[in-house]
Amino acid sequence: MYSNPNGSGPTAPKKVTAPDVRARKGGPALAMVTAYDFTMARLLDEAGVDLLLVGDSLGMVVQGLANTLPVTLDEIAYHSRAVARAAARAHVVADMPFMSYQVSSTQAVESAGRLVKNGAVESVKLEGGEDFAEHIWRIVRAGVPVMGHVGLMPQSVHSLGGFKVQGRGQDAEAKVLADARAVEEAGAYAVVLEAIPPDLAAKVTASVGIPTIGIGAGPQCDGQVLVCTDLLGMGRGHSPKFAKAYAQLGDAVVAATRRYVDEVRSGAFPAEEHSYKPNRAAESGPRVSEPSERGQGRVVNLRH
Ligand code: KIV
């Protein structure tokens with residue numbers, strides 16, 4: 001019996017495992033959210049999400065890139081370690097970034113192993129269906145649970161001609177279905193369905209025995225995933241059609257920081273309660289306002 005480093009004793013929550021996720025086919029619905037750092041992951045875990053995804057979307061969200069392609073395995077491992085430290089209950093799954101698994105199934109096993117060893121994750125996710133079934137099979141045989149990802153695969157943005165809804169038309173529908181089935185047959189414990197019509201997502205969900213986790217795939221999936229900054233309203237630009245903001249933290253951050261800036265400039269912060277006890281209480285003297293070099297009033301302590 002191992003103790004959980006994020007909690008101990010009888011009150012420590014039970015970790016969600018890949019088999020637990022697999023067993024949630026048909027309900028209760030799975031809630032997955034992306035996370036890239038300790039602070040956010042701890043809050044999301046406390047809120048009860050089932051899975052934390054260290055997505056390669058960190059290229060856009062954390063690094064300000066236009067797409068996920070430049071993200072490296074080391075970067076995913078670095079962010080995963082921070083997220084894993086915070087996840088007392090949620091299952092931690094990390095994305096395998098572009099060119100960390102596409103070259104060969106051997107490369108895929110090695111990269112997955114590095115994410116488990118260096119990133120402390122509990123499973124990995126990779127984009128691709130039939131074309132990558134062998135890679136999934138080999139990783140699973142090596143002891144690492146795999147989540148598939150079909151439909152819109154952002155690492156293929158250049159061959160898809162942009163971030164576009166997939167699975168429109170008979171052939172494209174059949175391809176998404178075949179991809180999801182191939183992922184299941186290869187041994188994946190769940191599969192993400194990204195940006196496909198809701199009726200196709202329902203069809204896929206009914207025809208595979210593993211949970212489907214949708215993003216832009218409508219309500220008839222076994223779970224949903226959102227990027228944390230979309231969920232919390234922290235983006236300042238375009239928000240995808242499928243994203244729902246449950247708070248406006250971006251506005252809250254800007255408003256709070258404006259108040260801080262104002263208080264620093266006016267001298268209202270730090271107040272006495274934010275300062276340590278002076279060494280010589282009697283000598284520390286009164287706080288008086290005097291003009292700063294820039295000509296604005298500010299509060300100074302005459303002793304410092
Ligand atoms: O990287 C990511 O955030 C993802 C989700 C969109 C599923 O893969």
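Indexing begins at 1, ligand by ligand and atom by atom, following the structure's order. Because the structure is a prediction, the values reported are computed rather than measured.
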**Student:** Between D179 and K175, does any NZ, NE, NH1 or NH2 come within less than 4.0 Å of an OD or OE carboxylate oxygen?
**Tutor:**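 Yes.
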**Student:** Using a strict 4.0 Å cut-off to heavy atoms of K125, name the atoms of ligand 1 that fall inside it.
**Tutor:**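 Near K125, meaning under 4.0 Å from one of its heavy atoms, ligand 1 has 4 (C), 8 (O).
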**Student:** Please list, in number order, the atoms of ligand 1 under 4.0 Å from a heavy atom of H149.
**Tutor:**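 In order of number, 8 (O).
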**Student:** Number the atoms of ligand 1 from 1 as they appear, then name those within less than 4.0 Å of a heavy atom of T34, with their elements.
**Tutor:**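 Here the atoms of ligand 1 in question are 3 (O).
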**Student:** When you check the gap from the basic side-chain N to the acidic O, do D56 and K125 get nearer than 4.0 Å?
**Tutor:**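 Judged by the 4.0 Å cut-off on N to carboxylate O distance, D56 and K125 do not form a salt bridge.
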**Student:** In plain terms, say whether K15 and D20 are close enough for a salt bridge, that is, a side-chain N and a carboxylate O under 4.0 Å apart.
**Tutor:**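 Between D20 and K15 there is no salt bridge, as every charged N stays at least 4.0 Å from the carboxylate O atoms.
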**Student:** Suppose I only count heavy atoms of L53 and a 4.0 Å limit; which atoms of ligand 1 are within that range?
**Tutor:**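 That gives atoms 2 (C), 4 (C), 5 (C), 7 (C), 8 (O) of ligand 1.
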**Student:** Is there a nitrogen or oxygen of D56 sitting under 3.5 Å from a nitrogen or oxygen of ligand 1?
**Tutor:**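 Yes: some nitrogen or oxygen of D56 is under 3.5 Å from one in ligand 1.
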**Student:** Is the shortest distance from a Lys or Arg side-chain nitrogen in R89 or E46 to a carboxylate oxygen in the other one below 4.0 Å?
**Tutor:**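 Answer for the salt bridge query: no.
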**Student:** Show which atoms of ligand 1 fall inside a sub-4.0 Å distance from at least one heavy-atom site of I215.
**Tutor:**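 Listed by number with element, the hits are 6 (C).
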**Student:** Determine, for K244 against D230, whether the closest basic-nitrogen to carboxylate-oxygen distance falls under 4.0 angstrom.
**Tutor:**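 The answer is no: the pair does not qualify as a salt bridge.
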**Student:** For ligand 1, is any non-hydrogen atom under 4.0 Å from T68's backbone (N, CA, C, O), its side chain (CB onward), both, or neither?
**Tutor:**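 Looking at T68 and ligand 1, no heavy atom falls under 4.0 Å.
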**Student:** Does the separation of the ring centres of H158 and F98 fall below 6.0 angstrom?
**Tutor:**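 Aromatic pair excluded; centres sit 6.0 Å or further apart.
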**Student:** Quick test: of every protein heavy atom, which one is nearest to atom 2 (C) of ligand 1, and how far off is it to 0.1 Å?
**Tutor:**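 The protein heavy atom lying closest is S57 OG, 3.3 Å.
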